[in-house]
Colleague: 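My structure is below; once you've seen it, I'll send some questions.
Basis for what follows: all heavy atoms, side chains included, without hydrogens, waters or symmetry-related copies.
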Amino acid sequence: MKPRSATPNMERRPVVTAISLAMSVLSLLLLVTAIFTDHWYETDTRRHKENCDRHGSDSNDQKNREMPIYHLPLLDSGNPKRSLALMKPIHVGSREEELLENWRAILGMGILETECGRPLFSTYSGLWRKCFFEGMDLDIDKLISKGIADRCTTVKYHFSQPIRLRNIPLNLTRTIQQDEWHLLHLRRITAGFLGMSAAVLLCGSIVATVGFFWEESLTQHVSGLLFLMAGIFCTISLCTYAASVSYDQSRNPPFIYGLPGDVDHGYGWSMFCCWASLALSVAAGCLCTTYPFLTRSGRSAKEARQSSV
């Protein structure tokens with residue numbers, strides 16, 4: 001009678017393993033999709049531009065966002081000879097380093113004295129790149145077509161030599177560099193734990209596949225623990241990414257890094273793919289780890305009832 005009582009559990013075990021394996025493979029695909037896509041965080045500045053065009057003053061509206069500011073101080077190319085051939089004017093859609101380098105001149109012109117004075121464009125960013133939306137803002141499309149701006153810029157994961165901020169006070173320079181250092185650490189933690197989560201998910205899927213041919217009870221338990229470990233790593237990555245986004249937007253000076261209140265911003269579909277991967281990974285891990293204990297407790301209770309009879 002004992003072999004017959006164990007038969008239903010033995011028949012259900014491969015089904016449970018197959019379900020958990022399918023969830024883990026789907027979780028791995030979603031996680032890889034999230035890692036290699038650039039829609040983790042998105043900003044939409046169309047409402048901000050409309051408000052500035054409607055209520056902004058003539059001197060500080062965004063009608064001339066595509067026009068270079070030729071009378072700003074020239075950029076230092078790093079050449080000690082300071083050849084004029086290697087100097088270029090700052091355009092309104094310049095990088096953050098360029099705006100920082102010439103912040104005194106920009107403030108003196110009154111460009112950044114209001115929220116509408118700062119040129120903002122709709123962007124989407126991921127773990128590796130930050131890009132401008134195509135077709136959403138004609139001004140940035142014109143700048144990109146003229147070669148003044150790039151469609152995408154690479155997200156830094158290494159701390160390069162500090163840029164020369166000639167016009168920035170020393171205390172503000174140190175604050176900017178410290179914030180950049182902390183932000184790089186958060187980015188590295190996010191990317192590192194996401195990579196470990198993907199690797200552990202792959203190992204758990206391999207172990208679950210081996211369970212169809214050898215020691216199904218043991219491999220099912222081990223694969224469940226690996227799936228839960230991958231979920232922990234993914235949770236850490238999601239938390240550190242959210243911390244890096246909020247930290248980046250609260251940096252000083254706010255007219256360079258902050259966002260006005262009428263700019264729509266939030267997490268994109270890549271982030272939701274990562275959340276879905278986390279849910280599937282935890283579900284697969286719980287299914288694999290709890291099912292052996294449930295079947296074991298049920299079997300022991302049934303044997304206890306039979307022995308009492």
Side-chain angles (χ1 to χ4, degrees), residues 29-53 62 65-66 91-100 115-116 118-158 179-180 182-195 197-198 234 237-251 254-278:
L29 292 177
L30 289 173
L31 185 59
V32 172
T33 301
I35 291 175
F36 291 101
T37 51
D38 300 321
H39 289 268
W40 282 69
Y41 200 80
E42 300 175 354
T43 60
D44 189 352
T45 60
R46 288 176 292 183
R47 185 161 62 94
H48 173 72
K49 184 177 182 296
E50 291 175 359
N51 293 336
C52 290
D53 291 340
Q62 296 198 345
R65 296 192 299 168
E66 62 196 76
H91 58 82
V92 178
S94 32
R95 301 188 306 271
E96 293 172 352
E97 293 86 353
E98 297 173 351
L99 292 175
L100 285 171
E115 290 184 348
C116 293
R118 176 187 172 190
L120 293 171
F121 305 101
S122 300
T123 61
Y124 60 94
S125 59
L127 300 177
W128 320 110
R129 298 188 308 171
K130 182 177 182 180
C131 305
F132 296 107
F133 277 105
E134 184 176 0
M136 187 174 291
D137 195 322
L138 296 179
D139 293 337
I140 190 61
D141 289 340
K142 291 179 181 178
L143 292 174
I144 294 172
S145 63
K146 294 177 181 178
I148 299 176
D150 296 325
R151 176 68 65 183
C152 296
T153 56
T154 305
V155 176
K156 292 196 305 181
Y157 279 90
H158 64 281
D179 290 344
E180 185 68 22
H182 294 315
L183 192 60
L184 286 175
H185 275 293
L186 290 174
R187 290 171 182 167
R188 290 171 179 174
I189 293 173
T190 301
F193 275 97
L194 278 178
S197 178
C234 189
S237 299
L238 290 170
C239 293
T240 53
Y241 183 80
S244 66
V245 170
S246 60
Y247 189 86
D248 189 20
Q249 294 180 358
S250 62
R251 294 171 60 186
F255 63 81
I256 297 295
Y257 299 105
L259 290 176
D262 54 356
V263 173
D264 299 323
H265 57 95
Y267 298 107
W269 58 267
S270 297
M271 185 75 162
F272 293 109
C273 286
C274 195
W275 276 107
S277 173
L278 171 62

Colleague: Answer yes or no: is there a donor N or O on one side and an acceptor on the other, between the side chain of S125 and the main chain of K130, under 3.5 Å?
Modeller: no
Colleague: Atom OH of Y267 and atom OH of Y241: how far apart are they, to the nearest 0.5 Å?
Modeller: 7.5 Å
Colleague: So how far is it from R251 CZ to H182 NE2, rounded to the nearest 0.5 Å?
Modeller: 10.5 Å
Colleague: Is the shortest side-chain N to carboxylate O distance from K142 to D137 below 4.0 Å?
Modeller: no
Colleague: Taking the side chain from R187 and the backbone from K156, do they hold a donor-acceptor pair closer than 3.5 Å?
Modeller: yes
Colleague: Distance check, rounded to the nearest 0.5 Å: E50 atom CD versus T45 atom OG1?
Modeller: 10.0 Å
Colleague: Looking at T43 and T123, would you say the former's side chain and the latter's main chain have a donor-acceptor pair under 3.5 Å?
Modeller: yes
Colleague: Around Q249, counting heavy atoms of other residues, nucleotides and ligands shown, do more than 12 lie under 6.0 Å from its CD?
Modeller: yes
Colleague: Between Y41 and H265, is any pair of side-chain heavy atoms under 4.5 Å apart?
Modeller: yes
Colleague: Within the distance-only criterion (no hydrogens, no angle test), does the side chain of N51 pair as donor or acceptor with the backbone N or O of R47 below 3.5 angstrom?
Modeller: yes
Colleague: Checking S197 side chain against L194 main chain: does a donor-acceptor pair fall under 3.5 Å?
Modeller: no
Colleague: Can you tell me if S145 uses its side chain to pair, donor with acceptor, with the backbone of D141 under 3.5 Å?
Modeller: yes
Colleague: If you take all heavy atoms of L29 and T33, which pair is closest and at what distance?
Modeller: O-OG1, 2.8 Å
Colleague: Any chance CH2 of W128 has more than 12 other-residue heavy atoms, nucleotides or ligands included, within less than 6.0 Å?
Modeller: yes
Colleague: If you take all heavy atoms of C234 and C274, which pair is closest and at what distance?
Modeller: SG-SG, 3.5 Å
Colleague: In Å, rounded to the nearest 0.5 Å, how long is the span from CG of L120 to CD1 of I140?
Modeller: 11.0 Å
Colleague: Find out whether M136 and D44 are in side-chain contact, i.e. whether some heavy atom of one side chain is under 4.5 Å from a heavy atom of the other.
Modeller: yes
Colleague: Once you round to the nearest 0.5 Å, how far does CZ of R151 lie from CZ of F132?
Modeller: 8.5 Å
Colleague: Quick check against the 3.5 Å criterion: does R46 have a side-chain atom that pairs as donor or acceptor with the backbone of F121?
Modeller: no
Colleague: Between C152 and C131, is the SG-SG gap under 2.5 Å?
Modeller: yes
Colleague: Please name the pair of heavy atoms, one in W40 and one in G126, separated by the smallest distance, quoted to 0.1 Å.
Modeller: CD1-CA, 3.7 Å
Colleague: Do you know which two heavy atoms are closest between S250 and Y247, and how far apart they sit?
Modeller: OG-O, 3.1 Å
Colleague: Do F133 and Y124 make the cut of ring centroids closer than 6.0 angstrom?
Modeller: yes
Colleague: If you count the non-hydrogen atoms of other residues, nucleotides and ligands that lie under 6.0 Å from CZ in F36, is the total more than 12?
Modeller: no
Colleague: Mind checking the OG-CG spacing from S237 to L186? Nearest 0.5 Å is all I need.
Modeller: 11.5 Å
